[in-house]
Novice: 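If you scroll down you'll find the structure; I have some questions about it.
Below, each value reflects all heavy atoms present in this structure, side chains not excepted, and no hydrogens, waters or symmetry copies.
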Amino acid sequence: MEEAVINNAGGGQFAYKSYKKGYLIKRYRGIGERIQVPSYIDEKPVISIEKKAFLSCKTIREIILPDTVEEIGDWAFAHAEQLRTVSMPHHALIHGKELFLGCKRLREISIRTISEEETAKLQSVGLWRMLAMAVTVFHDYFLFDPMEIGSDAWVKRWDEKLIGLVALDDLDGFEELWTCGEEDYEGKDYDIKSYPVEKRKMKLRLVYFRLLHPYKLSDSVQEELLGYLRRHTKGTMEPEAWDIILEEHTNELNYYQIFVNAGCVNADNFDSLLSDMGNVGAEIKAYLLRYKEEQFAPKDAFSAFTLDW
């Protein structure tokens, strides 16, 4: 069969051709934002996505792959710069390399499980976001396994990748960036001073996310992540753990709670923290003031001599 085309409901066209027992999507052309790959064409299943099929499609924000898909080729969705969410079937897939290379805005890869309740549960504990991070941040496609996501071994490997990334030198990758002549890295101009700052912020975003979604998080990994926050609290030479909250999560109480529970607030930095907060919501300020009262307020020396009769 020669290459043919079919319209996508959200705009644009798929080019397809015969492949094995069904069809292969060769490429997509168009400016649609929500792309739903068809399950069947002429009553035959769509079983494969060709390599580079969606390469550099700049407008796509959501892709839904059908349950019939069994194979995905190299760089299938690479450099789809606006891609936010992908929906995948719940079965084993044969896939190529770096499917999502350059998809910096990819937030979730969801796996359609046997029930909507189970799917919602897995989303609520952060697994869809973790899967997206696995391929966009860690570049680990061993984790791109719909049948294993959320298992003990899967979570352990994900956490090992996170700890390994956190342990990297903050200048790791700078020489490569510089020698390649890159002038823009994730939307910011970089030099040898700003690069490590932004590298730490990237690490800290991952650390905060994992602590806020502690699904099967071991005590040892949790303590390493909390320790990383403490090493970057207000008053240290590299206070990005606090900067991230002020810049990106100003009125999100759960971030302050993680910061406090990590031991990042102390008598030496409390007043400076409070001063930085400016017009932060009353609930958050009240939370920190209660913490100060409980932890740092002077104790009544005579209370120790209270007698119980």
Novice: Looking only at the side chains, is there a donor atom on one of Glu71 and His95 sitting less than 3.5 Å from an acceptor on the other?
Specialist: no
Novice: Going only through I, L, V, M, F, W and Y residues with side-chain contacts under 4.5 Å, is there a path from Ile31 to Leu55?
Specialist: no
Novice: Inspect the surroundings of NZ in Lys285 and state if more than 12 heavy atoms from other residues, nucleotides or ligands are less than 6.0 Å away.
Specialist: yes
Novice: Would you give the length of the straight line joining atom CG of Leu165 to atom CZ of Phe138, rounded to the nearest 0.5 angstrom?
Specialist: 6.0 Å
Novice: With distance as the sole test, does Thr59 use its side chain to make a donor-acceptor pair with the main-chain N or O of Gly32 at under 3.5 Å?
Specialist: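 Side chain of Thr59 to backbone of Gly32, a donor-acceptor pair under 3.5 Å: yes, one is there.
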Novice: Would Leu143 and Trp154 satisfy side chain to side chain contact (heavy atoms under 4.5 Å, CB included), going step by step from the backbone distance to the final call?
Specialist: CA-CA 7 Å; Leu143 291 168; Trp154 190 94; 3.6 Å; yes
Novice: State whether the side chain of Tyr208 and the backbone N or O of Ala241 hold a donor-acceptor pair below 3.5 Å, judged by distance alone.
Specialist: yes
Novice: I'd like to know whether Met130 forms a side chain to side chain contact (heavy atoms under 4.5 Å, CB included) with Phe209, so could you lay out the CA-CA distance, the side-chain angles of the two residues, the decisive distance to 0.1 Å, and finally the verdict.
Specialist: CA-CA 9 Å; Met130 290 173 74; Phe209 168 83; 3.5 Å; yes
Novice: Might you point out which heavy atoms bring Arg157 and Asp140 nearest each other, and give the distance in Å?
Specialist: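 Where Arg157 meets Asp140 most closely, the heavy atoms are NE-OD2, 2.7 Å.
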Novice: If you look at every heavy atom in Ile72 and Ala76, which pair is closest and at what distance?
Specialist: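 Heavy-atom minimum between the residues: CG2-CB, 3.5 Å.
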Novice: Strictly under 6.0 Å, is that where the ring centroids of Tyr287 and Tyr256 end up?
Specialist: no
Novice: Looking at Tyr215 and Val155, what are the two nearest heavy atoms and their distance?
Specialist: O-CG1, 3.8 Å
Novice: Can you tell if the side chain of Lys216 reaches within under 4.5 Å of the side chain of Val125, non-hydrogen atoms only?
Specialist: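 No, every pair of side-chain atoms sits at 4.5 Å or beyond.
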Novice: Are more than 12 heavy atoms, taken from residues, nucleotides or ligands other than Leu253, located less than 6.0 Å from that residue's CG atom?
Specialist: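 Atom CG in Leu253 is crowded, with more than 12 foreign heavy atoms closer than 6.0 Å.
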Novice: Under 4.5 Å between any side-chain heavy atoms of Leu131 and Trp158, yes or no?
Specialist: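 When only atoms from C-beta onward are counted, Trp158 and Leu131 do not touch, as no gap falls below 4.5 Å.
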Novice: What about Ile258 and Val260, same hydrophobic cluster or not, with Ile/Leu/Val/Met/Phe/Trp/Tyr joined at side-chain heavy-atom distances under 4.5 Å?
Specialist: yes
Novice: If we ignore hydrogens and angles and just use 3.5 Å, is the side chain of Lys58 paired with the main-chain N or O of Gln82 as donor and acceptor?
Specialist: no
Novice: Regarding Glu148 and Ser151, is there a side-chain donor-to-acceptor distance under 3.5 Å anywhere?
Specialist: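 There is such a pair (donor and acceptor under 3.5 Å, judged by atom type) between the side chains of Glu148 and Ser151.
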Novice: Looking at Arg210 and His213, would you say the former's side chain and the latter's main chain have a donor-acceptor pair under 3.5 Å?
Specialist: yes
Novice: Taking the side chain as every heavy atom from C-beta outward, state whether Lys26 and Glu3 have any atom pair closer than 4.5 Å.
Specialist: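 They are in contact (side-chain heavy atoms under 4.5 Å apart), so the answer is yes.
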Novice: In this structure, would Met88 and Leu24 fall into the same cluster of hydrophobic residues linked by side-chain contacts under 4.5 Å?
Specialist: no
Novice: Is it true that a side-chain atom of Lys292 and a backbone atom of Asp271 form a donor plus acceptor pair closer than 3.5 Å?
Specialist: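 The answer is no, because no donor-acceptor pair under 3.5 Å joins these two groups.
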Novice: With Lys201 as reference, evaluate Glu240, Glu248, Glu247 under the side chain to side chain donor-acceptor pair (under 3.5 Å) test and give the passing residue.
Specialist: Glu247
Novice: Examine distances only and state if a side-chain atom of Arg105 and a backbone atom of Glu81 form a donor-acceptor pair shorter than 3.5 Å.
Specialist: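 Looks like yes, one N/O pair under 3.5 Å.
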Novice: Could you tell me whether Arg230 and Glu223 make a salt bridge, using a distance below 4.0 angstrom between a side-chain N and a carboxylate O?
Specialist: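 Between Glu223 and Arg230 there is a salt bridge, with a charged N closer than 4.0 Å to a carboxylate O.
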Novice: Do the side chain of His90 and the main chain of Met147 share a donor and acceptor less than 3.5 angstrom apart?
Specialist: no
Novice: To the nearest 0.5 angstrom, please state how far the CD1 atom of Ile25 sits from the CZ atom of Phe54.
Specialist: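 Result: 7.0 Å between the selected atoms.
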Novice: As an exercise, state the distance from CG of Leu226 to CG of Asn261, rounded to the nearest 0.5 Å.
Specialist: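 If we round to the nearest 0.5 Å, Leu226:CG and Asn261:CG are 8.5 Å apart.
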Novice: Strictly under 6.0 Å, is that where the ring centroids of Phe100 and Trp75 end up?
Specialist: no
Novice: Roughly how far apart are Leu274 CG and Ile284 CD1, rounded to 0.5 Å?
Specialist: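 That separation rounds to 11.5 Å.
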Novice: Find the distance between CZ (Arg84) and SG (Cys103) and round it off to the nearest 0.5 Å.
Specialist: 11.0 Å
Novice: Is there a side-chain contact between Cys57 and Tyr28 in this structure, where contact means two heavy atoms from C-beta onward sitting under 4.5 Å apart?
Specialist: yes
Novice: Answer yes if Phe77 and Ile64 sit in the same cluster of Ile, Leu, Val, Met, Phe, Trp and Tyr residues linked by side chain heavy atoms under 4.5 Å apart, and no otherwise.
Specialist: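 Shared cluster, no.
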Novice: Are Val5 and Ile35 co-members of a hydrophobic cluster defined by side-chain heavy atoms under 4.5 Å apart?
Specialist: no
Novice: Verify, without hydrogens or angle tests, whether Asp74 (side chain) and Lys97 (backbone) share a donor-acceptor contact under 3.5 angstrom.
Specialist: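 Checked: pair present.
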Novice: Output, in order, the C-alpha distance, side-chain angles, deciding distance and verdict of side chain to side chain contact (heavy atoms under 4.5 Å, CB included) for His139 and Glu98.
Specialist: CA-CA 7 Å; His139 299 279; Glu98 292 290 2; 3.3 Å; yes
Novice: So do the side chains of Trp242 and Cys264 get within less than 4.5 Å of each other, counting heavy atoms only?
Specialist: no
Novice: Taking all non-hydrogen atoms of both residues, which atom of Leu83 and which atom of Val86 are closest, and how far apart?
Specialist: CD2-CG2, 3.8 Å
Novice: Minimum heavy-atom separation for Pro89 to Pro146, with atom names?
Specialist: O-CB, 3.7 Å
Novice: About how many Å separate CD1 of Ile49 and CG of Leu99, when rounded to the nearest 0.5 Å?
Specialist: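 Answer rounded to 0.5 Å: 10.5 Å.
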Novice: Would you call Glu108-Arg129 a salt bridge at under 4.0 Å N-O?
Specialist: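 Salt bridge: no.
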Novice: What I'd like to find out is whether the side chain of Arg200 reaches to under 4.5 Å of the side chain of Val197, using heavy atoms alone.
Specialist: yes
Novice: So does Lys44 get a backbone contact from the side chain of Asp42, meaning a donor-acceptor N/O pair under 3.5 Å?
Specialist: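 No: the side chain of Asp42 does not pair with the backbone of Lys44.
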Novice: Evaluate side chain to side chain contact (heavy atoms under 4.5 Å, CB included) for Ile244 paired with Arg205, printing each intermediate quantity in order.
Specialist: CA-CA 8 Å; Ile244 283 283; Arg205 291 183 189 102; 4.0 Å; yes
Novice: Do other residues, nucleotides or ligands put more than 12 heavy atoms under 6.0 Å from Asp169 CG?
Specialist: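 Atom CG in Asp169 is packed in, count exceeds 12.
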Novice: Do Trp128 and Thr119 make a side-chain contact, defined as non-hydrogen atoms from C-beta onward lying under 4.5 Å apart?
Specialist: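 Yes, at least one pair of side-chain atoms sits under 4.5 Å.
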Novice: Mind telling me whether Phe296 and Tyr291 have parallel, tilted or perpendicular rings, with 30° and 60° as the class edges?
Specialist: perpendicular
Novice: Taking the side chain as every heavy atom from C-beta outward, state whether Tyr195 and Lys199 have any pair of such atoms under 4.5 Å apart.
Specialist: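 Yes; the side chains approach each other to less than 4.5 Å.
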Novice: Would you confirm whether Thr68, through its side chain, and Ser39, through its main-chain N or O, come within 3.5 Å as a donor-acceptor pair?
Specialist: yes
Novice: Closest heavy-atom contact between His91 and Val69?
Specialist: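 Looking at all heavy atoms of both residues, the shortest contact is CE1-O, 2.7 Å.
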Novice: Can you name the one residue among Asp276, Asn269, Asp243 that meets side chain to side chain donor-acceptor pair (under 3.5 Å) with Lys234?
Specialist: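 Result: among Asp276, Asn269, Asp243, Asp276 is the only option passing the side chain to side chain donor-acceptor pair (under 3.5 Å) with Lys234.
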Novice: Between Ser87 and Arg112, does any side-chain donor sit less than 3.5 Å from a side-chain acceptor?
Specialist: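 There is such a pair (donor and acceptor under 3.5 Å, judged by atom type) between the side chains of Ser87 and Arg112.
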